[in-house]
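Following: one structure in structure tokens, then a few remarks.
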Protein chains: 2
Amino acid sequence: MSAAETPPGATPPPDPPTRRGRAKRAVSIGDVARLAGVSSQTVSRVSTGHPRVIPSTRERVLSAMKELGYRPNSAARALRMGEFRTIGVVLFTLSSTGNSRTVEAIADHAAAEGYAITLIPVARPTQDDVLGAFTRLEELAVDGVVVIMEVHLLDTATVTLPPGVQLVVVDSDAGDHYAVVDSDQYDGARQAVRHLLDLGHRTVWHVAGPTGSFAAERRAEAWRTTLKEAGRRVPRIEQGDWSAASGYEAGLRLAEQPRCTAVFAANDQMALGVLRAFHEHGRSVPDDVSVVGFDDIPDSAFFIPPLTTVHQDFAEVGRRCVQRLLQQIRREATDADAGLVPTQLVVRHSAAPPRRAR
Amino acid sequence: MSAAETPPGATPPPDPPTRRGRAKRAVSIGDVARLAGVSSQTVSRVSTGHPRVIPSTRERVLSAMKELGYRPNSAARALRMGEFRTIGVVLFTLSSTGNSRTVEAIADHAAAEGYAITLIPVARPTQDDVLGAFTRLEELAVDGVVVIMEVHLLDTATVTLPPGVQLVVVDSDAGDHYAVVDSDQYDGARQAVRHLLDLGHRTVWHVAGPTGSFAAERRAEAWRTTLKEAGRRVPRIEQGDWSAASGYEAGLRLAEQPRCTAVFAANDQMALGVLRAFHEHGRSVPDDVSVVGFDDIPDSAFFIPPLTTVHQDFAEVGRRCVQRLLQQIRREATDADAGLVPTQLVVRHSAAPPRRAR
DNA sequence: GCTTCCCGAGCACCTACATGT
DNA sequence: AACATGTAGGTGCTCGGGAAG
């Protein structure tokens with residue numbers, strides 16, 4: 001269906017060279033009204049589902065709509081109503097399982113409520129870029145925003161959200177300046193470390209996510225605290241960046257520490273890298289060393305060996321985001337405590353008691 | 001920042017109980033004009049960057065804007081201009097690497113052109129659901145759509161896109177009814193099979209993606225054709241559904257075929273499952289059997305062993321989508337042949353010559 | 001008195017033209 | 001005549017008030 005050439009004489013020219021600049025000329029409510037022989041706001045009533053329209057009139061309007069291929073102009077509607085019925089999602093990348101699943105859940109639930117979602121990617125995960133996105137937000141037609149990023153630095157007055165735009169934040173601590181929804185990172189990490197300790201390991205090494213990530217820092221913090229509470233030695237942290245490659249690097253270093261018998265990786269992809277590093281060094285998992293991950297990505301059940309990891313309910317996070325955001329937009333009461341989504345250890349085969357304990 | 005209660009007497013009530021239903025009252029161009037002591041027209045000129053405004057006036061307007069926290073109302077602008085400057089993306093899931101990366105690239109390039117992107121998820125990957133999405137499209141404020149799904153069944157007149165809405169399709173063959181952008185699935189699969197054959201394998205087994213997926217069917221077709229052209233036996237196809245779990249199932253069946261020395265999996269996740277199945281059966285990869293995947297997801301370099309696979313350039317696919325769509329929207333000339341993005345084999349360690357050939 | 005419909009107005013913005021320098 | 005600014009009109013839709021059935 002090439003737009004470049006029109007089949008000669010096929011249809012009466014739908015877009016004659018009237019109104020120059022305009023690319024398209026939408027069918028308006030008035031056109032429908034004329035064809036149906038009613039006034040335009042009767043058409044409006046029909047299209048908004050208003051009850052006070054006599055069935056026969058409604059039928060007439062409906063068929064006129066169909067005949068003309070009428071579609072309501074949402075810009076006009078938005079202008080009149082003062083709301084866009086869309087929510088923006090600010091994020092750095094879609095390439096992490098967590099983000100894409102959260103976004104997916106947000107989109108699904110928003111759609112169910114009649115809201116569209118628009119993506120607002122930022123080039124780098126920095127405060128400046130988020131601020132920049134907020135500026136672009138001014139141009140964007142959104143009633144609310146959910147930010148899937150660490151933003152705790154911009155908690156004070158630095159942020160100037162357009163008036164009336166609501167905000168919910170994921171993967172961040174924002175004090176009580178904004179609503180926050182997130183998985184219970186801390187408890188998840190605690191479960192992972194405790195599991196390893198309960199298995200009989202004297203202590204647990206940690207491959208952490210990037211600094212500046214709230215999730216990474218919470219997980220590291222929980223790891224450290226759990227160890228200390230159990231009176232164990234806290235080994236030097238291995239720094240990663242979420243990628244399998246960084247997990248592999250860290251694993252290479254860990255594989256050379258003979259005393260390392262248990263590793264908690266801050267996500268499954270780094271755990272994958274760790275697994276491979278140990279494999280290359282001939283250190284068997286879980287016979288020689290145990291590994292626990294975080295996220296429970298679908299693939300993790302098929303790693304070699306199947307990964308013991310912490311399950312995150314991203315769908316629930318997404319659901320609560322839109323629920324909370326919509327409450328704010330509609331100025332309803334907000335259930336303040338709904339922010340922490342539970343997290344759960346799923347035991348597979350990558351963690352076992354250490355050799356000497358068996 | 002609770003919206004529920006206003007701190008008593010802190011600010012002059014910004015939203016007095018005038019206009020009842022309205023939630024918010026935006027700062028309009030007229031408010032700025034009044035404060036700056038100019039006409040609203042001049043404000044408009046400033047905000048669109050029109051050159052014919054004397055610097056001192058511009059300054060005055062700009063500071064008035066800042067003081068009032070003015071943001072242009074995109075609904076009004078859209079209404080006036082007849083375009084929304086946003087493009088919709090219809091897809092089934094974001095959970096596949098390919099989809100999320102493509103969407104990300106689309107979002108990035110769209111943003112660069114001043115277009116926002118809105119997500120339109122469909123519940124199931126069926127024709128009905130796509131059609132349903134197209135209906136909802138009528139309500140949505142988009143100038144164009146890219147559909148990331150198999151849609152070739154709706155190629156004829158069944159589709160009623162809102163007038164003026166442009167369409168580009170990924171991961172589908174749509175004849176020449178719509179513009180299509182995609183990776184060169186066929187050639188990629190051909191390279192994978194040829195690589196295995198060149199290594200000395202007599203034939204190659206195939207773990208396919210779900211029926212109904214264009215990509216899956218193209219890859220299977222290329223596998224079959226390449227085998228036949230080389231005069232090789234075409235083994236029974238193993239049906240999968242993209243998931244690692246399905247790859248594992250298929251791998252279990254394959255592991256019992258002693259003559260199977262080479263497997264081409266239609267994506268990396270299924271390859272992961274295959275790897276694990278062979279591992280469990282004590283069949284070494286690549287010593288006993290070779291495995292090649294498709295997609296080149298980042299993790300695949302850290303599988304055990306690192307996976308030989310076919311690289312897809314999702315970013316380029318996304319780029320071409322928006323380029324093509326924008327051309328259609330702007331009614332520019334369209335470079336018709338820009339649809340096929342090359343694909344390339346990347347050799348790692350999961351494929352080697354068969355035992356007896358060494 | 002009640003339902004069913006129409007008229008007019010206005011939401012925030014931009015194009016075209018008129019006006020005054 | 002070139003430039004800077006203002007005025008009028010119109011974009012599609014929905015709400016308030018009123019008029020007809």
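In what follows, chains carry the letters A, B, and so on, assigned in the order in which the sequence lines appear, proteins first and then strands, with residues in each chain numbered from 1.
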Using a cut-off of 4.0 Å on non-hydrogen atoms, how would the nucleic acid contact of A:Val43 be classed: base, sugar-phosphate, or nothing?
nothing
Within the 4.0 Å heavy-atom criterion, would you say B:Thr48 contacts the bases, only the backbone, or no part of the nucleic acid?
sugar-phosphate
To check you understand the geometry: which heavy-atom pair defines the closest contact between [X] and [Y], and what is its length?
{"X": "A:Ile29", "Y": "A:Tyr70", "result": "N-CE1, 3.7 Å"}
{"X": "B:Leu94", "Y": "A:Glu104", "result": "N-OE2, 3.1 Å"}
{"X": "A:Val61", "Y": "A:Ala36", "result": "CA-CB, 4.0 Å"}

Between the base of [N] and the side chain of [X], is one N or O donor paired with an acceptor at under 3.5 angstrom?
{"X": "A:Arg71", "N": "D:dG12", "value": "no"}
{"X": "A:Arg80", "N": "D:dC13", "value": "no"}
{"X": "B:Gln41", "N": "C:dT15", "value": "yes"}

Short side-chain N/O contact from [X] to OP1 or OP2 of [N], under 4.0 Å:
{"X": "B:Arg77", "N": "C:dC14", "answer": "yes"}
{"X": "B:Ser47", "N": "C:dC13", "answer": "no"}
{"X": "B:Thr57", "N": "D:dT5", "answer": "yes"}
{"X": "A:Thr42", "N": "C:dC6", "answer": "yes"}

Could you state the atom-to-atom distance from [atom1] of [X] to [atom2] of [N] in whole Å?
{"X": "A:Tyr70", "N": "D:dG12", "atom1": "OH", "atom2": "P", "result": "10 Å"}
{"X": "A:Arg85", "N": "D:dC13", "atom1": "CZ", "atom2": "P", "result": "17 Å"}
{"X": "A:Arg34", "N": "C:dC6", "atom1": "CZ", "atom2": "P", "result": "13 Å"}
{"X": "B:Met81", "N": "D:dG10", "atom1": "CE", "atom2": "P", "result": "18 Å"}
{"X": "B:Leu79", "N": "D:dT14", "atom1": "CG", "atom2": "C1'", "result": "13 Å"}
{"X": "B:Leu68", "N": "C:dA12", "atom1": "CG", "atom2": "P", "result": "13 Å"}
{"X": "A:Phe84", "N": "C:dA12", "atom1": "CZ", "atom2": "P", "result": "10 Å"}
{"X": "B:Glu83", "N": "C:dC13", "atom1": "CD", "atom2": "P", "result": "16 Å"}

Does A:Arg319 come within less than 4.0 Å of A:Glu316, counting only side-chain N to carboxylate O?
yes
Residue A:Ile54, side-chain heavy atoms: nucleotide from C:dA12, D:dC15, C:dC5 that is nearest:
C:dC5
Check every atom of C:dC14, D:dG6, C:dC6 against the side chain of B:Arg45 and return the nucleotide holding the closest atom.
D:dG6
Test side chain to side chain donor-acceptor pair (under 3.5 Å) on B:Gln41 and B:Ser39 and set out the steps.
CA-CA 5 Å; B:Gln41 194 37 265; B:Ser39 80; over 6 Å; no
